[in-house]
K.L.:
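I'd like to ask you about the structure that follows.
Order of the sequence lines fixes the chain letters, A, B, ..., with proteins taken first and strands second; residue numbering starts at 1 for each chain.
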Amino acid sequence: MSEPVRVRFPPSPTGHLHVGGARTALFNWLFARHHAGVYVLRIEDTDRSRSTEEYTHALLEALRWLGLDWDEGPPTPGYRQTERLDVYRAHAERLLAEGKAYRCRCTPETLETLRRAAEARKETFRYPGTCREAGVPASESHALRLAIPREGETVVDDVVRGRVVFGHAELDDWILVRTDGTPTYNFCVVVDDVTMKITHVIRGNDHLSNTPKQVLCYQALGYPLPIFAHIPMILAADKTRLSKRHGATSVLAFRDMGILPEAMLNYLARLGWSHGDQEIFSREDLIRHFDLAHVGAADAVFDLEKFKWVNHQWIKTLPAERLARELAPFLDRAGLPAPADPGWLARVVETLRERARTLVEMAEQAAFFLRRPAAYDPQATAKFWKESAAERYALLIKRLEAQEAMDPPALEALYRFLAADLGLKLVDLAQLTRIAIAGKAASPPIFEVMSILGRAEVLARLRTAAAAVGAGR
RNA sequence: GACCCCGUCGUCUAGCCUGGCCAAGGACGCGACCCUUUCAAGGUCGAGAUCGCGGGUUCGAAUCCCGCCGGGGUCACCA
């Protein structure tokens, strides 16, 4: 059999986990789970100036919220690049000793001058290899460069892109270790992936152009290449890279918008990957069906409308108890009192799940259950508080006071009887009641609502409304 | 600028490898109708893609080949 699959997700804690990163994490995680392999989380924090502990925590929080659990990684030591500096150093020294890398004393200023000169000649600057044969002594201040073959080409065999060829004339002897002794990103990645025995590198397409440099480094080190898969990027509606300017892009921001993790995973998976015509995938579905073969090549535009639709699908099917639990913090944030009985909240959720696409919307719609209407929607009252509203409220109050059963069918029967008796349509009495109870002309089925609220509360709200009609609003 | 990648309804996509079943299917969104105590949800129907453009190969091309155009990415002692 083939060796076990080992993949990794290497975020750098210089910002919040955004949807692009989350999707990369998801594909890696799915690939690992599908093949019963290992999913490694590695923190790329070599850029100390921009990396923060705070972002690291937020990153882990976002991954945990999504349920993308890692088999190896923090808090186990050794999975942060800053903890692996001697590993990079050892590899660098070996390359130097074997003559695959060399010391370079060209200063950034010198290089900058050359670069500008090349630009002036409308040429692309590449390091000319000045120090390649110079034998710069260790005593001199120097950077370390990889000596790449001057001739030939490097082929990147990519699962998604196919065979991509890069001529060595397009590459140059890039820097492995800076003058200050710190290793560069491309070098760290290679050393990390090699030492962590990563078998498949699944990452954003923006890394494709860096891949030949890395391949050359693998070869210099004498290590076998992993399998590469460069997945399409996620774009904003204007087809540019997603950024803060495009509104919410971080995973945690979507959580705070009332998106469920199931929906986040589901939507992200469908961006660039497909399984026939299927749109809704549970975590298990995803693990079962995910494969690199059906990852597309074209970049995808992030569509919030479709995302909300997916979220709605999950709101419609998840257990009410679970939704009630998820909803609680949103009620709190909306300044609504927390109901004492979680079972009661679950009943409320049951009436709302078909009409709320996000938990934020659901909290808004749940408001009248938890707090009496402070005002009545003028459009609704203008339409339904025409003549005899006061008398009708009085009649409803009287009948409901005498009403024993408060289950929806019984209430509907009562209302139908009253409407027929008054020569009215059911809708007339229903809307009158709805305004009294919800303060507006739209709500879940009114008899369900009345049943959940209970007779005392319903009567109280009807009396308040009746008084408002009497007071001429 | 050089190099690399990408290009099917507004958007996500199926199909492309293994040409004909595609006068291009599904989904979101949009419109209409049905259902209906409101709003939703659901159902039905509809508008919406000459498969980026132009050549070629072939009896036949979204699918194969060439050129072009458009978009994106990478070119740092950033990651």
K.L.:
Checking only heavy atoms, does the side chain of A:R270 share a donor-acceptor pair with the base of B:U13 at less than 3.5 Å?
P.N.:
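Looking at the base of B:U13, it does not pair with any donor or acceptor on the side chain of A:R270 (distance under 3.5 Å).
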
K.L.:
If you measure from the Lys or Arg side-chain nitrogens to the Asp or Glu carboxylate oxygens, is any gap between A:R8 and A:E44 under 4.0 Å?
P.N.:
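Looking at A:E44 together with A:R8, the answer is no, because their closest N to O distance does not fall below 4.0 Å.
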
K.L.:
Does the pair A:E119/A:R115 count as a salt bridge with the N-to-O cut at 4.0 Å?
P.N.:
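Result for this pair is no, no salt bridge flagged.
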
K.L.:
Kindly write out the residues that satisfy side-chain contact (heavy atoms from CB on, under 4.5 Å) with A:T14, not counting sequence neighbours, or none if the list is empty.
P.N.:
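Residues passing side-chain contact (heavy atoms from CB on, under 4.5 Å) with A:T14: A:S12, A:R50, A:S51.
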
K.L.:
I'd like to know if A:R42 pairs up with A:E83 as an ion pair, taking the criterion as any Lys NZ or Arg NE/NH1/NH2 lying under 4.0 Å from an Asp or Glu carboxylate oxygen.
P.N.:
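A:E83 and A:R42: not salt-bridged.
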
K.L.:
List in numerical order all residues of residues 144-157 of chain A for which some heavy atom is under 4.0 Å away from an atom belonging to RNA chain B.
P.N.:
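Within residues 144-157 of chain A, no residue comes under 4.0 Å of RNA chain B.
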
K.L.:
In terms of relative ring orientation, are A:F254 and A:F307 parallel, tilted or perpendicular, with 30° and 60° separating the classes?
P.N.:
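Taking A:F307 first and then A:F254, their aromatic rings stand perpendicular (interplane angle over 60°).
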
K.L.:
What pairs with A:L370 under side-chain contact (heavy atoms from CB on, under 4.5 Å), at least two apart in sequence or on another chain?
P.N.:
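A:L370 satisfies side-chain contact (heavy atoms from CB on, under 4.5 Å) with A:L331, A:L336, A:P337, A:P339, A:W344 once adjacent residues are dropped.
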
K.L.:
Taking atom C1' in both B:C28 and B:A47, compute the distance separating them and give it to the nearest angstrom.
P.N.:
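About 15 Å, rounded to a whole number of Å.
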
K.L.:
Testing A:V427, A:D421, A:L422, A:L426 one by one against A:L424 for a side chain to side chain contact (heavy atoms under 4.5 Å, CB included), which residue passes?
P.N.:
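The option that passes is A:L422.
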
K.L.:
Within residues 409-428 of chain A, which residues have any heavy atom lying less than 4.0 Å from an atom of RNA chain B?
P.N.:
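Residues of residues 409-428 of chain A that come under 4.0 Å of RNA chain B are, in numerical order, A:R416, A:L426, A:V427.
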
K.L.:
I'd like to check the salt bridge (charged side-chain N to carboxylate O under 4.0 Å, His left out) partners of A:D206; sequence neighbours left out, ordered by chain and number.
P.N.:
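Salt bridge (charged side-chain N to carboxylate O under 4.0 Å, His left out) check on A:D206 returns A:R241.
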
K.L.:
Could you check how far CG of A:L352 sits from P of B:C39, rounded to whole Å?
P.N.:
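Rounded to the whole Å, the gap is 16 Å.
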
K.L.:
Is any NZ, NE, NH1 or NH2 atom of the basic residue among A:E326 and A:R322 found under 4.0 Å from an Asp or Glu carboxylate oxygen of the other?
P.N.:
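Yes, charged N to carboxylate O under 4.0 Å.
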
K.L.:
Let me confirm one number: the OH-CZ distance from A:Y127 to A:R132, rounded to the nearest 0.5 Å.
P.N.:
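Output value for this atom pair is 10.0 Å.
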
K.L.:
Give none if B:C69 has no partner; otherwise give the nucleotide forming a Watson-Crick or G-U wobble pair with it, both distances under 3.5 Å.
P.N.:
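B:C69 is paired with B:G7.
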
K.L.:
Using a cut-off of 4.0 Å on non-hydrogen atoms, how would the nucleic acid contact of A:A441 be classed: base, sugar-phosphate, or nothing?
P.N.:
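Base contact.
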
K.L.:
Can A:R347 and A:E448 be counted as an ion pair, charged N to O under 4.0 angstrom?
P.N.:
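A:E448 and A:R347: not salt-bridged.
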
K.L.:
Using a 4.0 Å heavy-atom cut-off, does A:T179 contact any base of the nucleic acid, only the sugar-phosphate backbone, or nothing at all?
P.N.:
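Here A:T179 touches the bases of the nucleic acid.
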
K.L.:
Between A:D47 and A:R241, which is nearer to the 5' end of RNA chain B once each is assigned its nearest nucleotide?
P.N.:
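Its nearest nucleotide lies further toward 5', so the answer is A:R241.
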
K.L.:
Give, ordered by number, those residues of residues 161-169 of chain A having at least one heavy-atom distance below 4.0 Å to an atom of RNA chain B; if nothing qualifies, reply none.
P.N.:
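Contacting residues: A:R161, A:V164, A:V165, A:F166.
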
